[in-house]
Undergrad: 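The structure follows.
All heavy atoms count here, side chains included; hydrogens, waters and symmetry mates do not. Indexing begins at 1, ligand by ligand and atom by atom, following the structure's order.
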Amino acid sequence: MNRKGENFRTIWLKPGDPEIVQIIDQRKLPHDFQIHDLRSCQDGIHAIREMLVRGAPLIGATAAWSLYLAGLEESTASRHDRVQQAAIELGATRPTAVNLQWAIKRVLAAIAGADDDDLVRLLREEAESICNEDIEISRGIGHHGLAIIEEIAARKPGETINILTHCNAGALATINWGTATAPIYFAHQKGLNVHVWVDETRPRNQGSQLTAWELAENGVPHTLIVDNAGGHLMQHGMVDLCIVGTDRTTRSGDVANKIGTYLKALAAADNGVPFYVALPSTTIDWNIEDGLADIPIEERDATEISHIYGESDGRVLAVNTVPTRTAIRNIAFDVTPARLVTGLITELGTCAATTDGLAALFSSGEHPGP
Ligand code: MRU
């Protein structure tokens, strides 16, 4: 990810101080680029719960680094006990993104049976591997998604390829490159004429505050739209392709993503616009079949809806926009049934959003496959 021409990951060990993990405080973007120190597992829990970090792959990576921080802490309990306790607390931070549980399970498996003396090294190595692998996974998604964009470009030579995305499934949601944005970055770097319609993504505005920011930093042409504009654009032939991310995909290809994704998929189906979901295999929940019945949907604080955050005269403010006695429900995710998904773009290739499609790419039960 670029920022002022400098390449960044979204989480890293502080150079010269291996007891501190550093992140970008995403609550402050796009107004401020602030690096934030995580010095304890509790700091990591806070960062996930309060959304200093967010996006399924980054939530998983932050959990892995938080377990490493738990291993470093001094206490009367054994290191193993501390890490196990931390795993329980971390697992309760956010419900929908399955990468959280996946990363915790993977780290615990890596340290099972290890000596207490070896634990910190193993925790660090596992967190580093999760991050390094995530970057390669995003590259794989970028490569396979690029083929889809190239196919569209071949049908309309010289013309702009308009891609609509929802929420932030960009570099900021992963370790680098992103999932939905990786094909876009690859296409842009290859000189294809891509333009991105960025859904604002109320209530937290991950589209206007994060996706727009990172596309701008990377020089990718884009236009911000309100969440309800996508259907209109599709009716007027102004969208060639939708690509979104996901927080959890069932083995049959149902997709949970930021609230509003389902409505985009419906509009895409009605207008014959291809609707792709870009996902790392770490986001597949092989244990569940029916997304509507079985994916836990996070509900968040009402202030995300009642208040708008923004900058005025150099100061970042939160402004209430709602009568104080009005009830609010802040449902953060929805499920798009597999039948509305044109294809799943994974690090191993693009497949149909079906049990057979996914099984052909990955062996069920394992992350990542095959
Ligand atoms: O609530 P958030 O900001 O964590 O939600 C993020 C999303 O919905 C992303 O689109 C999803 O995690 C895919 S990220 C590669």
Undergrad: When you measure from atom 8 (O) of ligand 1 to every protein heavy atom, which one gives the shortest distance, and what is it?
TA: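 Of every protein heavy atom, Asp247 OD1, 2.9 Å lies nearest to atom 8 (O) of ligand 1.
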Undergrad: Should the ring pair His236 and His232 be called parallel, tilted or perpendicular, given that the plane angle runs from 0 to 90° and is split at 30 and 60?
TA: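 Rings of His236 and His232: tilted, 30 to 60°.
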Undergrad: For atom 10 (O) of ligand 1, which protein heavy atom lies nearest, and how many Å away is it?
TA: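 I find the closest protein heavy atom is Asn257 OD1, 2.9 Å.
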Undergrad: Run the ring-ring contact (aromatic ring centres under 6.0 Å, His included) test against His144 and tell me which residues pass, sequence neighbours left out.
TA: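 Result, ring-ring contact (aromatic ring centres under 6.0 Å, His included) vs His144: none returned.
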Undergrad: For atom 13 (C) of ligand 1, which of the options Ile48, Thr246, Val53 provides the nearest non-hydrogen atom?
TA: Thr246
Undergrad: I need the nearest protein heavy-atom contact for atom 14 (S) of ligand 1: residue, atom name and distance, please.
TA: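 For this ligand atom, the closest protein heavy atom is Ala173 CB, 3.5 Å.
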Undergrad: State the atoms of ligand 1, each with its element, that fall below the 4.0 Å cut-off from a heavy-atom position in Gln206.
TA: 1 (O), 2 (P), 3 (O)
Undergrad: Which residue supplies the protein heavy atom nearest to atom 1 (O) of ligand 1, what is that atom called, and how far is it?
TA: Lys258 NZ, 2.6 Å
Undergrad: Nearest non-hydrogen atom to atom 6 (C) of ligand 1 belongs to which of Arg54, Arg204, Arg248, Met51?
TA: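 Selected option, by shortest heavy-atom distance: Arg54.
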Undergrad: Quick check: Thr179 and ligand 1, any N/O pair under 3.5 Å apart?
TA: no
Undergrad: Specify side chain, backbone, both or neither for Ala56, according to which of its non-hydrogen atoms lie closer than 4.0 Å to ligand 1.
TA: both
Undergrad: Is a salt bridge present between Asp285 and Arg248, judged by a nitrogen-to-oxygen distance below 4.0 Å?
TA: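 Between Arg248 and Asp285 there is a salt bridge, with a charged N closer than 4.0 Å to a carboxylate O.
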Undergrad: Identify, with sequence neighbours excluded, every residue that meets ring-ring contact (aromatic ring centres under 6.0 Å, His included) alongside Phe8.
TA: Trp12, Phe33
Undergrad: Taking distance alone, with N or O pairs closer than 3.5 Å, would you say Pro57 contacts ligand 1?
TA: no
Undergrad: Salt bridge between Glu311 and Arg315, side-chain N to carboxylate O under 4.0 Å?
TA: no
Undergrad: For a quick test of reading the model, state the closest non-hydrogen atom pair linking Leu266 to Leu340 and the distance between them.
TA: CD2-CD1, 3.8 Å
Undergrad: Testing the 3.5 Å rule here: is there a donor-acceptor pair between the side chains of Ser306 and Thr303?
TA: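 Their side chains do not contain a donor-acceptor pair, so the 3.5 Å distance test is not met.
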Undergrad: Does any N/O atom on His166 come nearer than 3.5 Å to any N/O atom on ligand 1?
TA: no
